[in-house]
Every structure is written in structure tokens, then in C-alpha cells.
Amino acid sequence: MNNIWSDNKLINLCINILIFLVGINFLHFGQLILPVICFLLFVDNRLKFKVNDPKLFIGLCLFGLVFFAFTYKYNAFYSVMGFTCPMAYYIGSNMKHPSEENIKKIVYLFAISMSLHIILNSIYEYIVHGHHGFFMSTTHYDFWTKEKIANTATAVNIDILIGCLYYLIFHEKNNAVRISLFVLFAASLFYLLVIARRTPIFMAAIVMAFSFVYEAYILKNSTKKQRKIFTILACCAIAIVALLVTIYSLNLFNCRATWDGYHIVQKFKQKFINDQRFELYFGSFGLMPNYLWGGQHISTILGEQVHDFWIDIYDYAGIVPCFVMIVCSVMELMVIVRCLKSNRISNEFKTLILGVSICIIMQLFFEPVMTGASLFLLIAIIILGFFERIIVSKED
């Protein structure tokens with residue numbers, strides 16, 4: 001991974017190590033590593049400031065400012081996290097050699113480090129709970145802090161890896177990389193199923209389906225072999241699900257007595273679409289006009305956080321930061337569209353862009369990312385900055 005960030009090998013190595021530490025959320029201070037990376041890049045660029053799109057950078061700076069202004073009275077330390085958004089965009093804008101291969105390597109590095117955080121959490125939890133408690137306990141911990149952690153904060157760490165799945169299967173040429181990442185995916189997914197997270201399964205299915213349709217019918221870039229492999233994978237997945245449902249329904253091997261003790265089984269027995277989540281959405285819309293300036297009054301009245309990135313910002317910081325972030329989000333969406341339409345990016349790499357982007361967008365709609373997993377947001381901004389950088393570099 002030489003010369004990705006700098007022609008200076010030491011700086012390049014340092015930034016790669018720091019990127020890994022961000023992804024693994026080292027000591028739970030991943031956000032605080034971003035200023036160090038920005039400083040190294042700024043110095044290496046000989047104090048020259050450069051970003052992909054100054055308008056988007058200014059928008060993210062404005063978000064950081066208004067987010068701080070409306071939240072410092074609740075949590076002075078957390079309120080400064082908004083300022084790390086433009087830092088993340090600066091990092092994504094300053095890869096020195098933004099080739100598809102180099103961007104893929106850093107995306108993989110994020111996928112690996114974030115998945116390792118999941119695995120570290122699972123190892124620590126197994127030590128704390130033992131074998132029986134590992135599968136049955138509803139209390140979960142973070143490896144770095146040794147404190148209780150919400151399932152969401154752990155589960156988001158698999159998203160970037162899920163976004164890479166289609167590309168890994170059909171376009172990754174290095175078998176060692178492919179196998180290693182699939183082992184990480186399997187290990188991470190196993191733990192997430194233990195802690196009753198269904199979302200990664202649905203996200204993986206959606207990413208695979210959308211990526212296949214996009215490549216086969218929009219890009220018209222798929223081969224007969226790819227279509228055959230995809231069909232086999234889809235049939236295998238359906239067969240496994242049907243087998244498990246049949247075994248449970250018929251109570252073969254007296255499985256219900258054991259399986260009903262697993263939280264993931266209880267989750268799947270619930271409705272596919274959680275009515276409570278819709279109730280929270282509609283309830284929050286009705287309360288918004290009464291609480292324009294944040295303060296978490298909406299979630300307090302509803303009794304739970306609304307699982308949506310933008311409503312979460314509205315609830316915590318109010319209408320002004322929410323509006324600014326909506327504008328920035330639209331601009332980021334235009335970046336994705338621009339990448340997918342660009343003739344400067346290969347069709348194969350576009351499937352990686354699409355897969356990762358779908359996972360990021362879905363997670364923003366499904367979870368209170370700003371207050372529940374802000375590091376995921378920052379990594380998403382960095383990666384989208386990479387994707388935009390490859391177009392900007394070829395226009396220079």
C-alpha cells in the first residue's frame with residue numbers, strides 16, 4: 001500500500017496505520033484520530049489546502065458550527081463531534097494517487113478494521129458471559145471501554161464489508177483477499193446474529209440484488225458465468241432459509257426448546273416490518289413543530305430514539321442543523337450519482353461504489369447514527385470523498 005497518501009513512505013505508512021485505528025475505533029477515540037490524519041496530509045501537501053468540492057466542505061463546516069451551537073449546553077464534549085465531518089471530507093479529498101486500486105485498498109482496510117472491532121467485542125463478551133451466556137445474554141460490551149454498548153453501535157461495523165460483497169465475489173482477482181474478507185464477514189455475521197441483529201442479512205440480500213440488476217441490466221456488463229453464479233447463490237440462500245423454517249415449524253430434533261432461547265429466533269418470529277418503528281416515525285413528525293430547537297424532547301416523549309439519521313439530528317440539535325445536514329446529504333447523493341454515471345470509472349468499480357453507497361444510505365435511514373454511531377458517519381464521508389476524488393483527479 002505504498003504511495004497512496006504520499007510519496008513519503010513514512011507518512012504513507014503512518015496514515016494507513018491511523019486509518020486502521022479509526023476503523024477499529026481504537027480505545028473508542030476513533031473520531032479524535034481524524035485531526036492527526038488531517039495535520040499529516042496538510043503538512044505533506046506543503047500547507048496547501050484542497051478539497052473535492054468547496055461548497056460541500058463549507059456545508060459540513062456550517063453543520064459542525066450550528067450543531068455545536070445548539071448542543072454544547074447538553075454535552076460539551078460530544079457537541080464538537082460535528083466539526084469532524086469536514087475533517088473526514090478533507091481526508092477523503094486528499095488521497096495523493098486516487099486510482100481505483102488504491103481506493104479499493106483503503107475501503108478494504110476500513111472493512112477489515114471495522115469487522116475486527118466486531119470480533120474483538122465478541123471475544124470479550126464470550127470471556128465475560130461464558131459459553132451459555134454468550135448465546136443468551138441481552139447485555140453486550142465494547143472491547144475497548146469494557147462498558148455496555150448498544151447493538152447498533154456494534155452492528156454498523158459490518159456495513160462497509162457488506163457493501164463490498166458483490167465486488168468480492170465477481171470482480172476481486174486476489175483469491176487470498178477474497179477468502180480473508182469472507183472469513184471476516186462470516187465471523188462478524190455470526191456474532192451479530194447472536195446479538196439478534198437481522199438488518200445485516202437484509203442489507204446483504206439487497207446489496208447483492210441491486211448490484212446484480214445494476215450490472216446486468218443497466219451497465220450490461222455481466223457474463224453468463226456471473227449470472228449462473230448469482231442464480232446458484234440465490235437458490236442456496238433460499239434453500240437454507242426454507243430448510244431452517246421447515247425444521248423449526250415441524251419441531252424436528254425437538255429444536256424449538258433450544259432455538260426459542262436465542263434472541264435472533266425471537267426477532268425473526270416478530271413481524272418482518274416493525275410496527276413500532278413506523279409509530280415512532282409518525283409520532284416524531286407530529287411532535288417536530290413543537291420542538292424546533294432540539295433537546296431530545298421528542299425521543300423522551302416517545303420513550304425511544306427515532307431510528308433515522310436526520311430525525312435523530314433534529315431531535316438532538318433542532319431544525320437548523322437538521323436542515324444543513326439534509327442539504328449536505330443531497331450533495332453527497334449527487335456525488336454517488338455522478339460516480340455511477342462517469343465514463344472515467346470502470347463498470348466493475350461502479351459495482352463497489354453502488355454496494356457501499358447502498359449500505360451507507362440504508363443505515364442512515366435505519367439507525368440514529370449521529371448520536372448512536374457517529375464514527376460510522378465519518379467513515380462514510382471519507383469513503384464517499386474517495387469516490388468523488390477519482391473523478392476530480394481525472395478532471396484536473
Side-chain angles (χ1 to χ4, degrees), residues 22 25-35 38 57-90 139-142 144-157 276-277 279-329 332 360 363-382:
V22 170
N25 202 5
F26 182 66
L27 297 179
H28 228 264
F29 290 118
Q31 294 94 330
L32 302 183
I33 298 174
L34 297 189
C38 289
F57 180 80
I58 292 171
L60 291 171
C61 288
L62 181 59
F63 170 75
L65 181 64
V66 295
F67 186 80
F68 174 80
F70 284 93
T71 62
Y72 75 92
K73 55 183 175 293
Y74 310 129
N75 187 326
F77 176 78
Y78 182 74
S79 64
V80 302
M81 288 299 104
F83 291 116
T84 56
C85 290
M87 292 181 189
Y89 187 66
Y90 178 81
T139 303
H140 307 293
Y141 297 93
D142 179 73
W144 299 112
T145 64
K146 306 299 186 291
E147 297 177 354
K148 295 179 183 178
I149 189 172
N151 292 356
T152 297
T154 297
V156 296
N157 287 308
Q276 184 184 15
R277 181 163 294 192
E279 291 176 4
L280 289 172
Y281 270 115
F282 294 130
S284 65
F285 290 143
L287 293 170
M288 280 181 175
N290 300 324
Y291 302 102
L292 297 174
W293 315 116
Q296 293 188 302
H297 300 291
I298 295 174
S299 55
T300 300
I301 293 172
L302 296 175
E304 187 177 347
Q305 281 181 289
V306 180
H307 284 50
D308 178 272
F309 169 60
W310 298 275
I311 299 178
D312 180 47
I313 292 175
Y314 187 104
D315 179 39
Y316 190 76
I319 187 171
V320 177
C322 179
F323 175 78
V324 175
M325 181 50 73
I326 288 174
V327 173
C328 292
S329 299
E332 291 279 18
I360 291 172
Q363 199 61 257
L364 294 181
F365 276 109
F366 288 165
E367 303 295 349
V369 170
M370 192 65 204
T371 59
S374 59
L375 185 61
F376 171 79
L377 171 66
L378 302 177
I379 291 173
I381 293 173
I382 292 173

Query - Distance (rounded to the nearest 0.5 Å) between Gln296 CD and Leu302 CG - result: 12.0 Å

**Report entry** Spacing of Asn157 atom CG and Thr152 atom OG1 [to the nearest 0.5 Å]
**Finding:** 11.0 Å

Testing the basics here: between [X] and [Y], what is the closest heavy-atom pair and its distance to 0.1 Å?
{"X": "Ser329", "Y": "Phe309", "result": "OG-CE2, 4.3 Å"}
{"X": "Asp315", "Y": "His297", "result": "OD1-N, 3.5 Å"}
{"X": "Gly286", "Y": "Pro289", "result": "O-CD, 3.6 Å"}
{"X": "Cys38", "Y": "Met87", "result": "SG-O, 3.5 Å"}
{"X": "Cys328", "Y": "Leu60", "result": "SG-N, 3.7 Å"}
{"X": "Ile301", "Y": "Tyr291", "result": "CD1-OH, 3.3 Å"}

Among all residues two or more places apart in sequence or in another chain, which pass the ring-ring contact (aromatic ring centres under 6.0 Å, His included) test with [X]?
{"X": "Phe63", "value": "Phe67"}
{"X": "Phe323", "value": "none"}
{"X": "Phe365", "value": "Trp310"}
{"X": "Phe366", "value": "none"}

Query - Over 12 non-hydrogen atoms of neighbours within 6.0 angstrom of NZ in Lys73 - result: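 Yes.
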
Query raised in the report: With a cut-off of 6.0 Å (strictly less than), are more than 12 heavy atoms of other residues, nucleotides or ligands near OH of Tyr74?
Result: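 More than 12 heavy atoms, drawn from other residues, nucleotides or ligands, come within 6.0 Å of this atom.
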
With side chains defined as the heavy atoms from C-beta onward, is the minimum distance between [X] and [Y] less than 4.5 Å?
{"X": "Asp142", "Y": "His28", "result": "yes"}
{"X": "Ile298", "Y": "Ile311", "result": "no"}
{"X": "Glu304", "Y": "Ser299", "result": "no"}
{"X": "Leu378", "Y": "Cys85", "result": "yes"}
{"X": "Glu147", "Y": "Tyr141", "result": "no"}
{"X": "Met325", "Y": "Cys322", "result": "no"}
{"X": "Met81", "Y": "Leu377", "result": "no"}
{"X": "Phe57", "Y": "Cys61", "result": "yes"}

Which residues pass the side chain to side chain donor-acceptor pair (under 3.5 Å) test with [X], not counting sequence neighbours?
{"X": "Ser284", "value": "none"}
{"X": "Tyr316", "value": "none"}
{"X": "Thr84", "value": "none"}

Listed partners of [X] passing side-chain contact (heavy atoms from CB on, under 4.5 Å), at least two apart:
{"X": "Ile58", "result": "none"}
{"X": "Pro368", "result": "Gln305, His307, Asp312, Thr371"}
{"X": "Val320", "result": "Val66, Phe70, Trp293"}
{"X": "Thr300", "result": "none"}

Requested in this report: Apply the side chain to side chain contact (heavy atoms under 4.5 Å, CB included) test between Ile381 and each candidate in Tyr89, Phe376, Tyr90; give the one that qualifies.
Outcome: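 Of the listed options, the one satisfying the test is Tyr89.
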
**Report entry** From CA spacing to verdict: side-chain contact (heavy atoms from CB on, under 4.5 Å), Gln31, Asn25
**Finding:** CA-CA 8 Å; Gln31 294 94 330; Asn25 202 5; 4.3 Å; yes

Report task. Quick one: list whatever passes salt bridge (charged side-chain N to carboxylate O under 4.0 Å, His left out) with Glu367, sequence neighbours left out. Result -> Arg197

